[in-house]
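Structure, as structure tokens:
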4 protein chains.
Amino acid sequence: MNSPGGTPLKSTVDPRIERSRQVILRAALDELGEVGYGAFTIESVAARAGVGKSTIYRHWSDKLSLIANAFQTLHEEQVPDIVTGSPRERLERIVRHVADVVAGSIFSACIPALIDGAERDLGLRDFHHRFQAHARQPLIDVIAEGVATGDFPHYVDAELAALGLLGAIFFRRLMTSVPFEADQASRLIDTVLSPP
Amino acid sequence: MNSPGGTPLKSTVDPRIERSRQVILRAALDELGEVGYGAFTIESVAARAGVGKSTIYRHWSDKLSLIANAFQTLHEEQVPDIVTGSPRERLERIVRHVADVVAGSIFSACIPALIDGAERDLGLRDFHHRFQAHARQPLIDVIAEGVATGDFPHYVDAELAALGLLGAIFFRRLMTSVPFEADQASRLIDTVLSPP
Amino acid sequence: MNSPGGTPLKSTVDPRIERSRQVILRAALDELGEVGYGAFTIESVAARAGVGKSTIYRHWSDKLSLIANAFQTLHEEQVPDIVTGSPRERLERIVRHVADVVAGSIFSACIPALIDGAERDLGLRDFHHRFQAHARQPLIDVIAEGVATGDFPHYVDAELAALGLLGAIFFRRLMTSVPFEADQASRLIDTVLSPP
Amino acid sequence: MNSPGGTPLKSTVDPRIERSRQVILRAALDELGEVGYGAFTIESVAARAGVGKSTIYRHWSDKLSLIANAFQTLHEEQVPDIVTGSPRERLERIVRHVADVVAGSIFSACIPALIDGAERDLGLRDFHHRFQAHARQPLIDVIAEGVATGDFPHYVDAELAALGLLGAIFFRRLMTSVPFEADQASRLIDTVLSPP
DNA sequence: CGCTAACCGAGACGGTACGTCCCGTCTTTAC
DNA sequence: GTAAAGACGGGACGTACCGTCTCGGTTAGCG
């Protein structure tokens, strides 16, 4: 049910179904951002979406899969980056973007819920990990490219370096009271990858 | 007023209180580690501790403050490090220790719960952030020392570097399916702080 | 608005509701009769009725309104009397019936609970008093008729006489260890209304 | 424990004990009259009496026996009647007194609680019944005397007549919204025992 | 078009945990 | 050595949601 990437076999579905899904997902995201995971209730989402509770359960098996699915819809708003400039420049642009997103967005508001949910629900965990791996890849690629071109030191392990950069940003979001700000991106990159 | 000599009003407390607190906190930690934050139940803790539910509510106002308090008791098991060796050696020892703790321990099992709880409860958040800052400090210190002694490059920002190292470890724990292993500590340090 | 012909908005109700009400009221009466008002427990009623506690609270706001409502269902079992015979004969039949009911029946088992409940809950008190007035009326009527026909002394106040007869029966039930038995009905009537 | 009529074997008791008993009984009666049986709690009585909960349990085995004992202290305030006048006059004086007491007094406020409590607790029931029998006796006696002197008809059963008179008063208190008033005493007696 | 099947909202249902209150017992400390 | 203070295990309260399940009512799209 409700497989993230599955295309329907039937060429056309009842338009009411799609309409319900949209309304509910939107309401779920709003709710999650507003009250957080702990106070997130299906009944609130249903009320907010102007929909019966059963309509939600008709499309998602439980609370967590609704949340997981809602996250996917956020995925589309990514892909911010272009391919111009040196690896260093492109890396900085990516890091700034990540910092911005993590600093404040619906997505950011939902991260703790996602982390906790992933701990308890296998399906959600899988989605979470795959999603992160996917989002991490461009960063790794651009670092690897920079190592190849000599923009970054040869001893740099692209994967570990990407982990250090992302980790710093997420660590600040999740473990401290002061989130990482985009302006610090340059100094972070200098520290981790040595200055140009 | 009552006592002539200005003696403290309550010099000692009922020993049962302390005993109950210990038993309950222990049970709470066990429960948290086992079933996680989402399935954490006061009633289960009470049963596990062999205690009435009301005894728990007599000492903690609600679920979250119990959890917050339980975490504080984990604070004692830190202080792992010694002061011998070069900054590089001591840094690696610290990183390995953190990696070990994050890879598997009651504390590790509770991190997602802590992160999620901190998002909704102000008191828990404060505790969480103060606790992390405290635990982070030795790492920052040893990096700063290494920069001063020339063991690490002069351009390194100790705080950002510490963030990168810790962030990498926690990121792997929270956002990927493969936790960071202590064996990778050396390579991580090389990447972030350049090799010796 | 929606329906063109101005049809009632909700002609029928979910049949499950009525079914639940029946089952629960029955269980509540049984429970009341068995364990009494003091030990009457919503949770026991739920268990006895094979119903979730929330189903009870969905229909009744609290314990007392459930009890009050349960009593109303006893209202139906009255109407025992016919209209044949002299006033004296009919009076005796009524008194015997009351004595029988008060001596032993679910209703009788619940009287103390009802009296006590009525003392604290306005709604229950109203019901209790209205119910009693209703049940008292036939007795008053037949006495008044007897006074008119000369079967009873002219100085008899029908209402006070009815009170005396009923009072004697209830007093025995509530304030003594020996309930009034139907066989004594004749002598009671003779005493209060003088012999034929 | 705490048998209603038992005299202590020891000639002298610790005066604190007696003092505690008095304070607690007084507080219990006040509490009962104010909040009723349903909201009557030991903890409230303890607070009102300025006494520890355990002090109450040291003297009474449970809530009901405290209440029962409290009632006994009301017994002393009875004995209202004198022995002058004809049986009819003395009867009326007794009935008026009962009506007054039942219409409004701490005792009256506690009757429903007592009735309900007696239904569930054997000890309380015994006390209740014995207490009532005792209080009923003077009424029976004076009626019997009146029958003997010819003041009342020869066919009158003194016990049933007393039951009718008392029953009428209590019935009005417990089962109707209009309590019996002392002014109606004369007419009630006329109806039940025929006019002089 | 008109029918019928699917989908819908509404919300009742059996549950479970919440956090509160009070029970009656038991322990500790102060007077 | 008694009493106050109050901690304790227990259990019912009434509330909030869970995820499941009927209900009629309303579309949609096929025939």
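Naming: A, B, ... by sequence-line order, numbering from 1 per chain. If you're wondering where the values come from, they're calculated on a predicted model, not measured in any experiment.
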What nitrogen or oxygen pairs link the protein and nucleotides 14-18 of chain F at under 3.5 Å?
| residue | atom | partner | partner atom | Å |
| --- | --- | --- | --- | --- |
| dG14(F) | OP2 | Tyr57(C) | OH | 2.6 |
| dG14(F) | O5' | Tyr57(C) | OH | 3.4 |
| dG14(F) | N7 | Lys53(C) | NZ | 3.1 |
| dG14(F) | O6 | Lys53(C) | NZ | 2.8 |
| dC18(F) | OP1 | Ile42(A) | N | 2.9 |
| dC18(F) | OP2 | Ile42(A) | N | 3.2 |
| dC18(F) | OP2 | Glu43(A) | N | 3.3 |

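One finds no side-chain N or O of Thr55(D) lying less than 4.0 angstrom from the OP1 or OP2 phosphate oxygen of dA3(F). For His59(D) and dG24(E), the shortest distance from a side-chain N or O to OP1 or OP2 is not below 4.0 Å.
A straight line from CD1 of Ile56(C) to C1' of dT16(E) spans 16 Å, rounded to a whole angstrom. Distance Leu66(C) CG to dC13(F) C1': 14 Å, rounded to the nearest Å. Computed from coordinates, the Trp60(D) CH2 to dA3(F) P distance equals 11 Å when rounded to whole Å.
Evaluation of the salt bridge (Lys or Arg N to Asp or Glu O under 4.0 Å) rule for Glu18(A) yields no partner, not counting sequence neighbours. In this view, Arg16(C) and Asp14(C) satisfy the salt bridge (Lys or Arg N to Asp or Glu O under 4.0 Å) rule, not counting sequence neighbours. Residues that satisfy the ring-ring contact (aromatic ring centres under 6.0 Å, His included) test with Phe107(C), not counting sequence neighbours, are Phe131(C). Checked against side-chain hydrogen bond (donor to acceptor under 3.5 Å, both in side chains), Asp62(D) has the following partners two or more places apart in sequence or in another chain: Ser65(D). Residues that satisfy the side-chain contact (heavy atoms from CB on, under 4.5 Å) test with Ser20(B), not counting sequence neighbours, are Ile24(B), Thr55(B), His59(B). Considering only residues two or more places apart in sequence or on other chains, Lys63(C) meets the side-chain hydrogen bond (donor to acceptor under 3.5 Å, both in side chains) condition with none of them.
Remark: Arg16(C) in residues 16-23 of chain C come within less than 4.0 Å of DNA chain F through at least one heavy atom.
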Pairs of donor and acceptor atoms involving the side chains of residues 28-36 of chain B, under 3.5 Å and at least two apart or interchain, shall be tabulated with distances.
| residue | atom | partner | partner atom | Å |
| --- | --- | --- | --- | --- |
| Asp30(B) | OD1 | Arg26(B) | NH2 | 3.1 |
| Glu31(B) | OE1 | Arg48(B) | NE | 2.9 |
| Glu31(B) | OE1 | Arg48(B) | NH2 | 2.8 |
| Glu34(B) | OE1 | Arg48(B) | NH2 | 3.1 |

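Looking only at side-chain heavy atoms (C-beta outward), Arg58(B) and Ser54(B) come within less than 4.5 Å of each other.
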